[in-house]
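Quick caveat, the model's predicted, so the values are computed rather than measured. Letters A, B, ... mirror the listed sequences (proteins, then strands); counts begin at 1.
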Amino acid sequence: MAKEKPSIPKGTRDFGPQEVAKRKYILNTIEKVFIKYGFMPIETPTMENLSTLTGKYGDEGDKLLFRILDSGETLEKIRNSKFEIRNQNEFNNLIAEKGLRYDLTVPFARYVVMNRNEITFPFKRYQMQPVWRADRPQKGRYREFWQCDADVVGSDSLLHELDLINIYQEVFKGLCIDVEIKINNRKVLAGIAEVVKGIEHLNTIAVAIDKLDKIGKEGVSKELTELGFTISEIENLFDIITIKGTEAEMLEALKLKLQNSFEGLVGIEELAFIFKNINSSTNEPTNLKTDFSLARGLSYYTGCIFEVAAMEGSLRSSIGGGGRYDNLTGIFGLDGVSGVGISFGLDRIYDVLEELKLFPETLSQGSSKVLICANNSIENIELAPVLQLLGKLRNEGIASEIYTEKINVKKPLEKPIKYASSKKIPYAIIYTENETLKLKNLETGFQEELSMEEIIERLQN
RNA sequence: GUGGUUUUAGCUCAGUCGGUUAGAGCGCCUGAUUGUGGUUCAGGAGGUCGUGGGUUCGAGCCCCAUAUUCCACCCCA
């Protein structure tokens with residue numbers, strides 16, 4: 001049989017013990033805050049029916065869905081198909097009816113609709129699971145990555161927006177990352193579109209100005225010119241989105257600009273409410289900034305939208321995002337349920353913490369606290385006492401192991417101690433032929449002869 | 001989907017104009033330093049040069065295809 005070089009699919013990664021410890025540290029930090037704010041966990045399947053997923057993320061999103069090939073007589077099915085297959089997409093739909101989930105929000109909406117009778121609204125759930133996108137991998141972008149979402153459905157109250165912003169603030173403070181939380185409102189964007197050229201241009205304008213950070217004023221105006229916008233329309237647009245000042249001043253100035261847009265004024269009111277109350281429930285000042293050029297791609301947002309970026313480090317893209325969607329469950333047949341949610345990008349947060357060296361050092365410790373080194377080269381050595389000690393240590397909840405491999409007779413302790421130090425096990429118990437026990441602290445090198453009880457006592461601290 | 005980039009020892013990487021037996025550092029293994037991590041010394045193992053074709057007397061190096069890495073665009077966490 002030919003030997004095969006092992007590999008994993010493009011854009012996926014293995015995680016070793018150290019990496020898992022770091023990822024769990026992030027997950028735990030996030031989860032604790034979610035729970036503190038009254039959110040309950042749910043989990044949904046890795047795969048969803050494609051009918052659940054398609055059409056929710058736009059044309060671009062549909063292309064990025066991983067489809068799961070149907071099992072069974074697919075060929076027969078195609079042969080019997082009365083329809084002419086006109087393109088790849090139609091073919092794909094014939095041979096696949098399931099797909100890997102693309103985010104956690106759409107499966108959640110599906111869950112809410114299917115369980116609407118059991119759920120008490122407003123329903124606050126969190127969910128931390130991997131999602132898959134058939135994107136080209138690059139910096140901060142993976143084909144398999146984890147999202148940590150908290151959403152509230154069944155409430156219009158802006159108090160939830162306040163909670164979610166505070167969750168962002170608390171989590172990133174807990175992780176020691178300096179972040180800027182940007183906020184905007186889809187209704188404000190609608191108002192801007194209305195005033196500048198007409199509400200039907202909302203999406204075009206939103207997509208273009210979202211790039212302002214990246215390609216600058218000139219890039220955006222060039223793009224809009226090519227799309228048929230006049231110079232005065234573009235100037236008018238920039239006058240609005242580049243308003244400067246304190247948050248209150250910006251909102252006042254915008255109010256004048258959007259005085260002819262009812263929807264725009266509603267959006268401004270919502271932002272004003274949030275800024276008025278955001279610092280009331282926490283002692284920490286929140287680094288929340290309005291940014292009228294923030295648009296966010298997903299088309300289902302209808303109210304406030306958020307995006308979080310790290311202030312330091314080379315990762316320019318967002319490490320979190322979210323917003324309000326008034327009718328997400330509508331597409332699954334349940335109207336009038338408003339939702340608002342946020343998402344944390346675990347993998348990007350990991351990259352930021354790694355680059356800025358912000359992981360706590362305690363995470364890199366070994367799994368065991370102590371290694372028992374018994375000289376197994378001596379034929380008649382009595383192992384029962386050390387095995388008994390091992391059991392006692394474990395009963396006390398002290399992570400322990402015994403060195404199991406053949407040792408060098410001349411240097412009976414070399415291998416075990418090398419093993420312990422390379423695995424970052426902090427203590428060794430040395431058991432020799434005269435059947436005494438020594439506890440050695442591998443960090444300081446200090447060792448002393450102790451009884452079994454004394455050893456357990458020392459290791460409990 | 002578009003454009004670029006990477007791939008050589010376990011790891012990080014050299015490898016000239018296409019020319020004899022493909023190298024270094026680190027790591028690993030064995031031995032010495034007279035019971036225990038380190039240092040030093042001596043020795044050793046380890047390669048289908050990503051894969052498949054092609055050009056050539058001759059390919060790690062040139063050409064084609066393909067996979068893969070990383071990066072930018074699109075889009076997004």
Neighbour count >12 (heavy atoms, 6.0 Å) for atom CD1, Ile331(A): no
Sugar-phosphate, base or nothing in reach of Ser318(A), heavy atoms under 4.0 Å: sugar-phosphate
rU36(B) phosphate, OP1 or OP2, under 4.0 Å from Lys438(A) side-chain N/O: no
Verify stack between Phe344(A) ring and rA77(B) base, 5.5 Å, 30 degrees: no
Sugar-phosphate, base or nothing in reach of Leu64(A), heavy atoms under 4.0 Å: nothing
Aromatic ring pairing Tyr403(A)/Tyr419(A), orientation class (parallel under 30°, perpendicular over 60°, tilted between): perpendicular
Sugar-phosphate only, base, or nothing, as touched by Asn441(A) at under 4.0 Å among non-hydrogen atoms: base
Close side-chain approach of Tyr57(A) and Val106(A), heavy atoms under 4.5 Å: yes
First of Gly345(A) and Thr12(A) reached from the 5' end of RNA chain B, by closest nucleotide: Thr12(A)
Sugar-phosphate, base or nothing in reach of Gly445(A), heavy atoms under 4.0 Å: base
Asp347(A) side chain vs Trp146(A) backbone, donor-acceptor pair below 3.5 Å: yes
Parallel, tilted or perpendicular: ring planes of Tyr300(A) versus Tyr325(A), cut at 30 and 60 degrees: perpendicular
Interatomic distance, Asp14(A) CG vs rU69(B) P [rounded to whole Å]: 12 Å
Polar pair under 3.5 Å, donor/acceptor by atom type, side chain Lys440(A), base rU36(B): yes
Cation-pi, Phe238(A) ring and Lys217(A) (6.0 angstrom, 45 degrees): yes
Results of salt bridge (Lys or Arg N to Asp or Glu O under 4.0 Å) for Glu31(A) - residues two or more places apart only: none
Sugar-phosphate, base or nothing in reach of Val207(A), heavy atoms under 4.0 Å: sugar-phosphate
Sugar-phosphate, base or nothing in reach of Ile349(A), heavy atoms under 4.0 Å: nothing
Sugar-phosphate, base or nothing in reach of Ile417(A), heavy atoms under 4.0 Å: base
Can you pull every protein N or O that's under 3.5 Å from an N or O on nucleotides 70-72 of chain B?
unit_1, atom_1, unit_2, atom_2, d
rC71(B), OP2, Gln138(A), O, 3.4
rC71(B), OP2, Lys139(A), N, 2.8
rA72(B), OP2, Gln138(A), OE1, 2.8

Nucleotide rA77(B), atom P - distance to CZ of Arg348(A) in whole Å: 8 Å
rU68(B) OP1/OP2 closer than 4.0 Å to side-chain N/O of Lys10(A): yes
